[in-house]
Each structure stands twice: as structure tokens, then as C-alpha cells.
Amino acid sequence: MTSPSEYVVTARKWRPQQFGEVVGQDHVTTTLRNALASGRIHHAYLFCGPRGVGKTTTARIVARAVNCAAPRDGIEPCNECDSCRDIISGRSMDVVEIDGASNNSVEDIRRLRENAKYPPTFGRYKVYIIDEVHMLSSSAFNALLKTLEEPPAHLLFIFATTEPHKVPATIQSRCQRFDFHRMSTRTIAEHLRTIADAEQVAIDDDALFAIARFADGSMRDAQSLFDQVRAFASGPITGADVRRSLHVLGDDVYFAITDAIAERSLARAFELARTIVGQGFDIHQAIVGLLEHLRNALTVRATGSTELIEASDETRQQYSELAQRFTQEDLVHMMTITAHAEQHLRFASQPQIRLELLLAQLVHLPTAYDIGRLIAELEQLRSQPPEPPQAPTAPALPQKDDTAVSPQPANAPKAESPSQTGAATAQLDWQAFIATLPPTLKILKPILARIPPPTLTEHQCTFSCSDTGDAKMLEEKRQTLETYLAKKLGRSVAIQIVQSASAAAPSPAPPDLTPAVTHRELFPIERVLIEKFGAQRVAGVR
Ligand SMILES: [Zn+2]
């Protein structure tokens with residue numbers, strides 16, 4: 001345990017002291033290192049980017065590096081020589097830090113120019129770091145410009161700003177500009193993990209991601225939140241601890257909402273709405289959070305990977321399962337409805353009712369799932385070969401009730417007509433097959449249950465999907481599925497994945513569509529009604 005007297009805030013303790021320690025800004029540090037290595041130092045740099053991403057920290061490293069008596073590899077400041085130590089402790093006469101927000105008058109800049117005339121006392125450069133430079137008055141900028149136009153060789157300016165558009169073009173054109181990136185949630189979480197491990201703080205990944213997400217791209221904010229959470233917690237810190245301390249909704253609530261939608265349980269959805277409101281969570285934040293949650297599910301659905309999800313491994317696994325419960329069309333539709341609710345929330349006199357309405361709309365969403373399946377089945381019916389002509393001996397055979405609808409009795413030998421769908425069920429109980437999938441194929445379960453049973457021939461098994469995501473996922477697991485099928489059937493089969501025309505290549509719009517309809521995407525239900533049932537849209541009706 002650290003006693004209060006020796007307690008140093010994390011952001012200060014872990015402030016990078018070398019270019020190699022700056023997190024998430026490699027594009028900046030690489031260029032700066034190259035400039036230092038080749039000795040081509042520009043006389044003015046402009047560091048742009050959001051707050052807390054390392055602009056001032058990097059400026060200080062540059063200031064030390066250019067003045068260091070013994071830089072490592074000729075680039076990194078040693079942080080041990082007199083010059084480095086003076087700069088670190090703030091005693092150096094050669095490095096001056098100015099807060100542009102409070103020293104923004106023309107007098108301040110005149111004084112700066114007066115001092116800038118004198119060469120550095122120790123090092124090679126006199127470095128001026130001006131933070132929030134966009135706050136300077138226009139006369140101060142003009143005074144600064146005169147120095148920038150004819151800079152003495154020993155002078156180095158580093159300007160930092162969160163609002164580069166407010167820096168006059170005349171100043172910008174005389175600077176080399178670097179844009180610092182907002183840090184990704186994952187970069188922040190990973191860095192917090194390094195700190196937590198080094199300081200022996202017991203905290204789980206979920207907690208670190210919750211902090212990182214709340215910090216919204218700022219490493220400095222993340223580190224102070226980390227301190228805050230650490231001060232309150234006794235024992236190992238979990239995601240729930242963090243969310244309680246920051247008063248934010250947990251992912252579990254969003255997963256519960258999508259569960260309720262998938263199960264079409266309005267009762268459960270309303271229960272969740274009551275919990276959100278009852279615990280005093282901000283409804284706007286909750287809806288924005290739901291939108292992000294749906295976006296994550298859509299990302300996984302569309303890419304077939306959780307690579308782009310900024311969450312702990314456990315949560316990412318949850319997303320890959322969630323993505324299988326909805327089609328892309330469903331998710332896009334759900335996002336549209338949610339975004340609409342978010343936009344209109346500020347006009348709502350009773351936000352809670354708006355939240356309930358949103359959840360009710362989502363629960364009662366006509367799923368593209370059912371329609372996708374319908375289309376796939378229609379396509380399959382159409383692509384089946386015509387019924388073979390009856391053999392001359394047919395009338396002599398005893399008539400059975402089901403021969404009228406099914407040309408292939410379920411127990412017929414497979415050699416008779418291997419291309420028929422019915423043959424698949426003859427050799428393989430499809431539902432039982434799905435139910436007993438091994439863990440390696442478990443992820444396919446919802447897809448296989450959703451799409452029509454495959455067409456099985458002697459050495460080929462053809463799946464027909466209307467959804468690109470389904471096809472992609474099947475493709476990914478093709479080999480494993482082939483091996484497993486071979487084991488079940490006692491012979492090798494090649495899997496073929498056919499994308500049904502409805503999803504792969506939408507038919508051109510029928511000529512009778514009015515322009516009022518064609519200006520926006522049709523909902524899947526509308527497409528089916530128009531294409532399959534010859535429905536027409538009435539112009540002007542939304
Ligand atoms: Zn040094």
C-alpha cells in the first residue's frame with residue numbers, strides 16, 4: 001500500500017519520458033525521431049489533437065532531446081544529464097512553457113520575443129512550448145509572426161492546440177504540423193493494464209475497458225479515472241465497481257435488451273426500462289449506449305469478426321453470439337429506429353415513455369429473419385428441377401396420400417433422385433444434426449436452424465443462404481463442417497454455399513414504382529411485397 005505522502009497521481013508517474021514510451025502516436029514520434037536523427041529540426045512545430053493524448057508530453061521530450069548532452073542513439077533524451085534534469089525539474093532557462101490561455105496578450109508575446117533573442121545557456125536550443133496556442137489574441141499572433149518569419153537559429157517553437165482551425169493560416173504555414181490521434185479504447189485499456197500490473201492493482205479487463213470507454217480517447221482522463229476508482233475500491237476491482245463509481249450502464253443491460261428483442265418479450269423490455277429509469281440513469285445516455293451496442297453487433301455480423309469491437313475478450317465473445325441472432329437488415333433497421341428515438345428525445349416531455357416506445361418498436365420489429373428465410377425457400381422451390389415424368393408402371397403402384405405433394409417419399413433409396421431436397425432428410429436427420437453439433441461448430445447453430453436444410457447428393461452438400469453474413473460464416477467454418485459431415489455420413493462431401501438471388505443481386509425496381517419510393521431504401525418487407533406479390537406503393541405516403 002502506498003501511503004498518502006508518497007502517492008503520486010498515475011498520469012504524472014507514468015508520463016512518457018522518451019519517444020518510445022509515447023502511446024498511440026507512432027506516426028508522430030517516428031517522424032520526430034527521424035528529424036532528430038538526421039539533424040533536420042524545424043524551427044516551429046504545431047501539435048494538434050484532442051486533449052490528453054500526449055501533445056505537451058511529446059513537446060517536452062522534443063525539448064529535452066534537442067538539448068540533451070548524451071542522447072541515446074542520438075535521438076532519445078538521456079534524462080540524466082544536467083540539461084535533461086533541469087528541464088524535468090522545471091529549472092531550465094532554455095525551455096519555457098507558456099499557457100496560451102492565460103498569457104495571450106501582445107505584451108506577453110513581446111516579452112517572449114525579447115527573451116528569445118538571447119541564445120540558450122546550456123543546450124543548443126531555446127525552446128518555447130505554447131499550450132492552447134489558439135487562445136492568443138490576434139495582436140499576439142501578429143507579434144509572434146514577426147519572430148516566425150525570421151527565426152534565430154537557436155529558437156524552437158512548439159505550439160499545441162485542441163482547436164487548430166483557430167490558429168491563423170499565416171502561423172500554420174510557418175509550422176510543421178502534427179496531428180495527434182484520439183486514442184482508441186483498446187489502446188487506453190492496454191496501457192492501463194501495463195500500469196495496473198506494474199503497480200500490482202487487481203483489476204479485471206472489463207473494468208479497464210469501462211474506464212477507457214468513459215475517458216473517450218483521452219489517456220490523461222483515463223489515468224485520473226483509474227486513480228479515482230482505485231481510491232474507492234477495496235479488493236479486486238471489477239467492471240461493475242467501475243460502472244457504479246462512474247454511474248454508467250453496464251453492457252449486461254444492453255445485452256439484456258437485445259435478448260428481450262430477440263425473444264420478443266415486451267414485458268422484459270419494459271422491466272429493463274424501469275430499471276434504467278429507477279436507478280437514475282440518463283435516458284439519453286442509455287439510448288446512445290444502445291445504439292453503440294447495436295452498431296457493435298452489426299459490425300460483427302457484417303465482417304464476421306470481432307476485431308473492430310473495443311471491448312474485453314469476454315464481451316467480444318458475447319457479441320459474436322449476439323450477431324448470430326439477427327440479420328444485417330434487422331440490425332440496420334433497429335439502429336435506424338434507435339437513432340430516430342435519440343434525435344427526438346429532446347422534444348419528448350416524458351423521456352421514460354419515449355424509451356418504452358423505442359423498446360416496444362424494437363420488440364415488435366417485423367424481422368428480416370423470417371422474410372429472408374421465406375425468400376430463400378421460394379428461391380429454392382424455383383431452382384428445383386421439374387418433377388420427373390411418371391414411369392409407365394406408376395399407375396400400378398399403390399397410391400399414397402403424400403405422393404401428390406412430395407414426389408420423393410422420405411424413405412426412398414437415394415439412388416433414385418440424388419438431386420432432390422428430400423434425399424437429404426433420407427440420409428440425415430437435419431434437426432438432430434443441428435442439435436448435436438460439436439463445440440467447434442456451435443457458432444453455426446443459429447444459422448443452420450435459420451436457413452433451409454441443405455441439398456445433399458452423393459458427394460455434395462449445397463447450402464442456400466439469402467444473407468451475406470450467414471454465407472460468410474458458413475464459408476469460414478466450411479472445412480470443419482465438411483469433416484464433421486463426413487464423419488456423420490461415412491463418406492466425404494464437398495460443401496457448396498449458394499447465395500440466393502434475393503440478397504446477392506437485388507432485382508431491378510419494377511417499372512411501376514413511383515419516384516417517391518425509389519429515393520430511399522425499401523424495407524425488406526416492402527421489397528418482398530412488391531417483388532413477390534406485385535404490391536404497389538402509393539406516392540407521398542411514408
Ligand atoms: Zn540528457
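Values below: all heavy atoms of this structure, side chains included; hydrogens, waters and symmetry mates excluded. Keep in mind that this is a model prediction, so the values were computed, not measured. Order of appearance sets the numbers: ligands from 1, and atoms from 1 within every ligand.
Between His27 and His181, the ring centre distance stays below 6.0 Å. Side-chain rings of Phe159 and Phe157 approach one another, their centers coming within less than 6.0 Å. Taking the ring centroids of Tyr118 and His154, they lie at or beyond the 6.0 Å cut-off.
Atom CD of Glu314 sits in a sparse spot, with 12 or fewer heavy atoms from other residues, nucleotides or ligands closer than 6.0 Å.
Scanning for side-chain contact (heavy atoms from CB on, under 4.5 Å) contacts around Ala37 gives Ile75, with sequence neighbours left out.
Protein N, O or S atom count below 2.8 Å of the Zn ion (ligand 1): the structure gives 4.
Under the salt bridge (charged side-chain N to carboxylate O under 4.0 Å, His left out) rule, Glu114 has a single partner from Arg110, Arg111, Lys117, which is Lys117.
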